[in-house]
**Q** 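One structure coming up, written as structure tokens, with questions to follow.
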There are 2 protein chains.
Amino acid sequence: MDHTTPRQRARLETEAHITQIGNRMIDDEGVAGLSLRAIARELGVVSSAVYRYVQSRDELLTILIRDAFTQIADAVDVALAEERSVETLALTMLKWSRAYPNRWALIYGTPIAGYEAPHEETTVPGTRIMVTLAALVAELTADAEETGQKSAYSADGNALTPLREGLEELGLDYGDDIIMETITIWVAIIGLINGLRFGQFGPGYDDVEGDLMTGVIARLGE
Amino acid sequence: MDHTTPRQRARLETEAHITQIGNRMIDDEGVAGLSLRAIARELGVVSSAVYRYVQSRDELLTILIRDAFTQIADAVDVALAEERSVETLALTMLKWSRAYPNRWALIYGTPIAGYEAPHEETTVPGTRIMVTLAALVAELTADAEETGQKSAYSADGNALTPLREGLEELGLDYGDDIIMETITIWVAIIGLINGLRFGQFGPGYDDVEGDLMTGVIARLGE
DNA sequence: CTGAAAACAAGAGCAGTGCTCACTTTTGTT
DNA sequence: AACAAAAGTGAGCACTGCTCTTGTTTTCAG
């Protein structure tokens with residue numbers, strides 16, 4: 001049986017409708033195009049009415065950011081279930097960024113001015129992929145050790161302290177070399193996708209984005 | 001003798017004043033805080049008056065973007081004259097990003113919504129550092145070859161076509177391995193700085209940013 | 001079934017933005 | 001002194017987020 005009153009159901013529906021419209025607005029015009037007044041118009045309601053459902057534009061932003069993080073992390077999980085490799089992870093992120101470039105910018109681009117992500121709301125979904133990558137790197141390193149190759153990172157381990165603590169909070173304990181390897185691969189992936197999405201390399205990369213990513217990942221795998 | 005009339009001089013002064021205020025506003029509140037009306041107030045003039053000096057907010061943005069690109073590229077050039085290495089290049093960019101985080105976001109972050117960089121205006125200063133990096137990589141690769149180490153990148157060279165063409169326009173002709181190496185290092189640098197500046201790794205990195213960059217660069221140097 | 005309470009919606013209003021346009025004042029030159 | 005160009009003015013348009021007061025439903029308990 002259904003324990004939701006019609007009222008509650010209507011509320012949830014409207015909330016879902018708002019986030020849906022919000023997502024579409026971001027897809028269409030970027031985060032700057034996200035307007036509560038425009039949402040109100042589309043809902044056929046006066047502008048102040050949407051404030052019954054969402055406290056502020058920032059709150060809606062938080063919801064949309066969390067959604068985007070969750071979506072891309074889910075996509076990566078699905079793809080990794082098929083083929084577990086760093087390349088798959090990277091190419092899946094790239095593919096998602098092409099499908100939703102403005103959502104990509106929302107989560108991996110410049111922070112929104114005057115907006116502070118509520119940390120507890122967004123940090124967890126926001127770090128999922130990186131944690132997955134660390135696990136992947138750990139697996140591969142373990143394999144490499146069996147075949148006799150040992151990574152030799154011996155720089156100042158203090159540099160990794162903040163990240164190591166973050167992983168420890170999740171109950172994970174990796175060595176410095178694994179963390180260093182993870183962060184290197186991670187920043188390369190993000191950097192490449194950002195460069196492509198933000199047009200920093202100029203035009204003409206449409207057909208070679210995947211190959212470029214594959215090349216970078218291959219280069220990082222020594 | 002001076003061939004500028006007092007009138008022309010006043011104009012140039014006001015223009016310089018406007019870009020100076022604009023830079024300060026971006027430093028203070030990010031690109032969203034760049035307001036022509038606020039600039040007018042600070043100039044002690046009515047809002048419509050600034051349109052005598054700047055065609056639109058976007059035009060001012062273009063000026064500030066070009067300035068920022070030029071500034072960071074100059075900083076890199078100066079540092080490289082002291083010590084010519086990839087690490088120096090990377091650390092200089094990192095240092096600049098710490099000094100001017102909002103300007104960094106302006107040039108390497110999410111593109112401004114509804115704003116299209118005029119290409120001819122910004123592309124040249126925007127690619128200076130990357131071109132410098134390519135030259136650096138080429139030098140180092142040449143050194144490595146003398147000592148017998150040869151890089152072996154042999155993936156689909158088509159992926160590099162757009163970049164190779166970009167370099168050829170500047171009269172530069174590098175091999176695929178050098179271009180691939182350059183782009184890998186480049187995206188790692190940008191990715192790491194973006195991650196740090198945009199707070200994607202969480203807090204607590206303030207004292208280890210340099211070590212982190214050094215570690216990544218070292219890892220990329222095999 | 002009725003009446004109070006809670007939820008929802010309306011509409012005016014505030015302060016801010018970029019930008020335009022008709023108009024006046026200042027300035028430099030002939 | 002006359003005149004044209006440049007600079008500055010102020011009103012106005014359309015938009016934004018957000019608040020506050022008023023009115024209207026809908027829900028739910030007595």
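Throughout, protein chains are lettered first and strands after them, A, B, ... in sequence-line order, and every chain is numbered starting at 1. Just the heavy atoms: all of them, side chains too, but no hydrogens, waters or symmetry mates, feed the values below.
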**Q** For B/Arg52 and C/dT24, give me the distance from atom CZ to atom P, rounded to whole Å.
**A**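 That distance rounds to 14 Å.
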**Q** Between A/Thr127 (side chain) and A/Met130 (backbone), is there a donor-acceptor pair under 3.5 Å?
**A**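 Pair absent, no side-chain N/O of A/Thr127 close to backbone of A/Met130.
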**Q** Quickly work out the B/Leu36 CG to C/dC19 C1' distance and round it to whole Å.
**A** 9 Å
**Q** How many Å lie between CE on A/Met25 and C1' on D/dC15, as a whole number?
**A** 13 Å
**Q** Quick one: does B/Ser47 reach the base of C/dG18 with a side-chain donor-acceptor pair under 3.5 Å?
**A** no
**Q** Decide ring pair (Phe, Tyr, Trp, His ring centres under 6.0 Å) for A/Trp96 and A/Tyr100; before the verdict, give the C-alpha distance in whole Å, the side-chain angles of both, and the deciding distance to 0.1 Å.
**A** CA-CA 6 Å; A/Trp96 192 89; A/Tyr100 307 101; 5.3 Å; yes
**Q** Could you tell me how far apart A/Leu61 (CG) and D/dT16 (P) are, to the nearest whole angstrom?
**A** 15 Å
**Q** Assign A/Val46 to base, sugar-phosphate, or nothing according to its heavy-atom contacts below 4.0 angstrom with the strands shown.
**A** base
**Q** Would you say the side chains of B/Thr214 and B/Glu87 form a donor-acceptor pair under 3.5 Å?
**A**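 Note: B/Thr214 and B/Glu87 side chains meet the donor-acceptor criterion.
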**Q** Within this structure, what is the OH-to-P distance between B/Tyr115 and C/dC19, rounded to whole angstrom?
**A** 13 Å
**Q** Check this for me: does the side-chain of B/Arg37 come within 3.5 Å of the base of C/dG18 through a donor and an acceptor?
**A** yes
**Q** How long is the line joining OH of B/Tyr53 and P of C/dC19, in whole Å?
**A**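 Nearest whole value for this atom pair: 18 Å.
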**Q** For A/Gly44 and B/Ser48, take the nucleotide of DNA chain C holding the closest heavy atom to each; which residue's nucleotide lies nearer the 5' end?
**A**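 Per heavy-atom nearest nucleotide, the more 5' residue is A/Gly44.
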**Q** Given C/dC8, is OP1 or OP2 found less than 4.0 Å from the side-chain N or O atoms of A/Tyr51?
**A** no
**Q** Look at A/Ser35 and D/dG17 and indicate whether a side-chain polar atom (N or O) is within less than 4.0 Å of OP1 or OP2.
**A** yes
**Q** Should A/Arg57 be listed as having a side-chain N or O under 4.0 Å from OP1 or OP2 of D/dG17?
**A**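 For D/dG17, OP1/OP2 do have a side-chain N/O of A/Arg57 under 4.0 Å.
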**Q** Taking atom types as modelled, is there a side-chain donor on B/Thr122 or B/Arg66 under 3.5 Å from an acceptor on the other?
**A**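 Short answer, no.
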**Q** Rounding to an integer number of Å, can you tell me how far B/Ile39 CD1 sits from C/dG16 P?
**A**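 Nearest whole value for this atom pair: 16 Å.
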**Q** Could you tell me the separation between the CG atom of B/Leu43 and the C1' atom of D/dT9, rounded to a whole number of Å?
**A** 15 Å
**Q** Can you see if the side chain of A/Arg11 gets near the phosphate of C/dC8 - specifically, an N or O under 4.0 Å from OP1 or OP2?
**A** yes
**Q** Across the strands shown, which category fits B/Leu60 at heavy-atom distances under 4.0 angstrom: base, sugar-phosphate, nothing?
**A** nothing
**Q** Regarding A/Tyr51 and A/Ser56, do their side chains bring together a donor and an acceptor under 3.5 Å, going by distance alone?
**A**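 No, A/Ser56 and A/Tyr51 have no side-chain donor paired with an acceptor closer than 3.5 Å.
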**Q** Determine: side-chain N/O of B/Arg41 to OP1/OP2 of C/dT17, distance under 4.0 Å, yes or no.
**A** yes
